[in-house]
Amino acid sequence: MTERKPPGVSFESWVDKQIREAEARGEFAQLPGVGKPLSDGPDTSYDELWWVKQKMAREGLSVLPPTLALRKEAEDALAAAHKAPSEGAVRRILTEINAKIRDMMFKPPPGPPLGLKPYDVDEVVREWREARAR
């Protein structure tokens, strides 16, 4: 496959010749998945990165800019704080997320602006107490 396309030969016929010769040599006979049907997945006819998305889904990966990932983490932390079993747990959850927010505020990464400020721990604890009193 390192040979160059000769001048005057169309690219398509040159490639077809390369494939035909490799097939005759048996280079495709021992490939993984040979003879197995393609997996049933989403319609990939219009998405050039379908295989990357499938790989990420299989591996459980997500790629978000750091600020968007922290926004999601902050929302989850606030929800967890409101459902926490004790005031100490509320304060611990908020202290941890506030440290991350402050760190991101002072060292902004590339990507969209964070748009967050640290939570007022006492205010969230007050809301937590009111919700528990009902």
Side-chain angles (χ1 to χ4, degrees):
M1 290 302 248
T2 59
E3 114 186 41
R4 292 188 175 268
K5 179 182 86 64
V9 176
S10 74
F11 186 74
E12 184 177 353
S13 62
W14 180 72
V15 169
D16 289 337
K17 178 181 175 235
Q18 297 289 317
I19 292 171
R20 214 174 23 259
E21 289 174 355
E23 193 172 25
R25 290 190 303 268
E27 293 183 17
F28 299 132
Q30 300 300 321
L31 293 176
V34 67
K36 296 179 184 172
L38 295 175
S39 66
D40 291 336
D43 180 19
T44 60
S45 58
Y46 299 108
D47 190 358
E48 294 176 355
L49 297 176
W50 64 270
W51 62 274
V52 173
K53 292 175 183 172
Q54 282 185 353
K55 175 73 171 173
M56 290 178 69
R58 272 195 316 271
E59 300 291 328
L61 300 175
S62 170
V63 178
L64 284 176
T67 52
L68 295 181
L70 185 56
R71 283 185 196 177
K72 176 66 175 132
E73 189 177 347
E75 288 176 13
D76 294 345
L78 188 58
H82 283 291
K83 294 178 182 175
S86 67
E87 183 177 325
V90 174
R91 291 182 181 278
R92 181 185 49 76
I93 291 168
L94 294 177
T95 300
E96 289 174 6
I97 195 65
N98 281 346
K100 291 180 181 181
I101 291 171
R102 284 189 186 96
D103 187 48
M104 184 93 51
M105 286 171 58
F106 296 124
K107 296 184 252 177
L114 178 60
L116 286 177
K117 61 181 182 177
Y119 293 112
D120 181 346
V121 176
D122 292 326
E123 176 64 22
V124 175
V125 167
R126 184 189 59 73
E127 292 170 2
W128 175 83
R129 284 182 185 151
E130 288 175 2
R132 301 283 281 191
R134 292 183 212 160

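Every value quoted in this text rests on a predicted model; they were computed, and no experiment measured them.
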Worksheet item: Of all heavy-atom pairs between Lys117 and Ile101, which one has the smallest distance, and what is that distance?
Response: C-CG2, 3.9 Å

Worksheet entry | Closest non-hydrogen atom pair, Met104 against Pro66 | CE-O, 3.7 Å

Discussion item. Please report the interatomic distance CG(Leu49) to NZ(Lys55), rounded to the nearest 0.5 Å.
Written reply: 15.0 Å

Worksheet item: Should Leu61 and Trp51 be counted in the same cluster of Ile, Leu, Val, Met, Phe, Trp and Tyr side chains packed under 4.5 Å apart?
Response: yes

Fill in: Heavy-atom pair of closest approach, residues Val34 and Ala29
CG1-O, 3.7 Å

Worksheet entry | Contact summary for Leu116 and Ala74, nearest pair of heavy atoms | CD1-CB, 3.7 Å

Worksheet entry | Sidechain N-carboxylate O distance under 4.0 Å for Glu123, Arg126 | yes

Worksheet item: In the single-linkage hydrophobic clustering (I, L, V, M, F, W, Y; side-chain heavy atoms under 4.5 Å), do Leu94 and Leu70 co-cluster?
Response: yes

Worksheet item: Is any side-chain N of the basic residue among Glu21 and Lys17 closer than 4.0 Å to the acidic one's carboxylate O?
Response: yes

Worksheet item: Ion pair present between Lys72 and Asp76, side-chain N to carboxylate O less than 4.0 angstrom?
Response: yes

Discussion item. Does Gln30 have more than 12 heavy atoms from other residues, nucleotides or ligands lying within 6.0 Å of its CD?
Written reply: no

Discussion item. Determine whether Leu114 and Arg71 satisfy the following criterion, side-chain contact (heavy atoms from CB on, under 4.5 Å), listing intermediate values before the conclusion.
Written reply: CA-CA 7 Å; Leu114 178 60; Arg71 283 185 196 177; 4.2 Å; yes

Worksheet item: At what distance, to the nearest 0.5 angstrom, does CD of Glu130 lie from NE2 of His82?
Response: 10.5 Å

Discussion item. Side-chain heavy atoms nearer than 4.5 Å, only ILVMFWY residues, links allowed to pass through others: does that put Met105 and Leu78 together?
Written reply: yes

Practice prompt. Specify the closest pair of heavy atoms between Ala77 and Ile93, including all atoms of both residues, with the distance to one decimal.
Written response: O-CG2, 3.4 Å

Worksheet item: Between Lys53 and Met56, is a side-chain contact (heavy atoms from CB on, under 4.5 Å) present by the stated rule, with each step listed?
Response: CA-CA 5 Å; Lys53 292 175 183 172; Met56 290 178 69; 5.8 Å; no

Worksheet item: Within the distance-only criterion (no hydrogens, no angle test), does the side chain of Trp128 pair as donor or acceptor with the backbone N or O of Ala84 below 3.5 angstrom?
Response: yes

Worksheet item: Can you hop from Phe28 to Val15 via hydrophobic side chains spaced under 4.5 Å?
Response: yes

Item to complete: Could you walk me through whether Arg91 and Asp122 pass the side-chain contact (heavy atoms from CB on, under 4.5 Å) test, one step at a time?
Response: CA-CA 8 Å; Arg91 291 182 181 278; Asp122 292 326; 3.2 Å; yes

Discussion item. To check you understand the geometry: which heavy-atom pair defines the closest contact between Val124 and Ala81, and what is its length?
Written reply: CG1-CB, 4.4 Å

Worksheet entry | Lys/Arg N to Asp/Glu carboxylate O, Arg92 vs Glu96, below 4.0 Å | yes

